[in-house]
2 protein chains.
Amino acid sequence: MEPEILDLENFLPYRLYRLADAVSREFAGIYKDSHGLTRPEWRTLSGLGQHGTMTATALGEQSAMHKTKVSRAVAELERRRWLTRTPDENDRRVEHLTLTKAGLAAYAEMVPLAKAFERGLLAKLNAGERAAIAEGLAALERNLA
Amino acid sequence: MEPEILDLENFLPYRLYRLADAVSREFAGIYKDSHGLTRPEWRTLSGLGQHGTMTATALGEQSAMHKTKVSRAVAELERRRWLTRTPDENDRRVEHLTLTKAGLAAYAEMVPLAKAFERGLLAKLNAGERAAIAEGLAALERNLA
DNA sequence: CCAAACTGGTTTCATTTGTAACCATCGAAA
DNA sequence: TTTCGATGGTTACAAATGAAACCAGTTTGG
């Protein structure tokens, strides 16, 4: 009997992964080429820039990173003196992370580039396509969690 | 001056990556847990199952993998005796790869599971959302290449 | 012809990642 | 209290990855 065939190019998990990988790889230029950051480091910077002060656990939840990634990213950003740790008053396991001036400066520099990158991606689409992305992604995200 | 803020959860590259990562991680159960395959190995198997015979270069193009990934995946599948290499008649650099009986059997076993997985993903969406995914992904893919 | 540029594929090495074990601290329950 | 399970975070080790160097073999241009 003929084996059933899977058309990889039209297989949703593959398409998603390939698209994300390509976009992510291009986007990495913004934090990697200019500052030598890894993706976890960029996300950490981004999380702290957005929320001010966070714990490592909160960072992991917000940016979907395993705690080892967070731990290493935080260690590296601390080494660069882009963030500082403050022990929690009540729970000595917890550390509150905050960007330093230097960290904030790097963040402030990259945010406009990130936004421009996203605009560039969407600029090539028409309004209907942009709406489709929004709706489609939201729908998929909804039934993951 | 207040630094401009980037909302990571709504940032397209991040959303794409997170979604792809989550879907991909779940899907990996099908080839990893049952046969201990890596993603490149799965893609190689899938490419050969779909197209019959291919060269390593063609595999890399079809499934968006760097040639080192292809090389290693092919080596492992060969070690398992899931594929064989046949030297090209005219160009001695080229090898044609083909699945063995065992390779085909594994492929035939996994394809229905893969399709069921995809159906499961889409089953939770309504028709409009499915159409949105199709349109949105296609639009983004279009202006990558 | 022959050198240089190119192509298919492999290997090496450094970096990144994931898993699991681990340490310290905390909270609840006996 | 003491103990036991959960939790915040780090570390150790193995496996996966990417970049660049590499080795055939092939094509091109002089």
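Residue numbering restarts at 1 for every chain, and letters A, B, ... go by the order of the sequence lines.
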Any heavy-atom pair between the side chains of [Y] and [X] that's under 4.5 Å?
| X | Y | answer |
| --- | --- | --- |
| Trp42(B) | Lys32(B) | no |
| Ser46(B) | Leu6(A) | yes |
| Lys115(A) | Val111(A) | yes |
| Leu37(B) | Met110(B) | yes |
| Glu26(A) | Phe117(A) | yes |

Heavy atoms under 4.0 Å is the rule here; annotate nucleotides 11-21 of chain C 5' to 3' with B where the base is hit, S where only the sugar-phosphate is, and - elsewhere.
BB---SBBBB-
Quick check on dG8(C): is either OP1 or OP2 less than 4.0 Å from any side-chain nitrogen or oxygen of Thr55(B)?
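It does not, given that no N or O in the side chain of Thr55(B) lies less than 4.0 Å from OP1 or OP2 of dG8(C).
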Estimate the overall bend of the helix from dC1(C)-dG30(D) to dA30(C)-dT1(D) from the end axes over five pairs each, rounded to 10 degrees.
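Inter-axis angle at the termini of the helix from dC1(C)-dG30(D) to dA30(C)-dT1(D): 10°.
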Common cluster, Val94(A)/Leu97(A), ILVMFWY with side-chain heavy-atom separation under 4.5 Å:
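No.
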Hydrophobic cluster identity match, Leu144(A) and Tyr17(A), side-chain contacts under 4.5 Å:
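As far as the 4.5 Å side-chain criterion goes, Tyr17(A) and Leu144(A) are not connected within one cluster.
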Is a side-chain donor-acceptor pair under 3.5 Å present for Thr98(A) with Thr53(A)?
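Yes.
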Check the distance between [N]'s [atom2] and [X]'s [atom1] and give it to me in whole angstrom.
| X | N | atom1 | atom2 | answer |
| --- | --- | --- | --- | --- |
| Leu59(B) | dG8(C) | CG | P | 13 Å |
| Arg85(B) | dA24(D) | CZ | P | 16 Å |
| Arg79(B) | dT10(C) | CZ | P | 16 Å |

Could you identify which residues of residues 90-98 of chain B place a heavy atom less than 4.0 Å from some atom of DNA chain D, listed by residue number, or say none?
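The answer is Asn90(B), Asp91(B), Arg92(B), Arg93(B).
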Nearest 0.5 angstrom please: Trp82(B) CH2 to His35(B) NE2, how far?
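The NE2 atom of His35(B) is 4.5 Å from CH2 of Trp82(B), to the nearest 0.5 Å.
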Can a donor-acceptor pair be found, under 3.5 Å and without considering hydrogens, that links the side chain of Thr44(B) to the backbone of Pro40(B)?
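Yes, the answer is positive, given that a donor and an acceptor are paired below the 3.5 Å cut-off.
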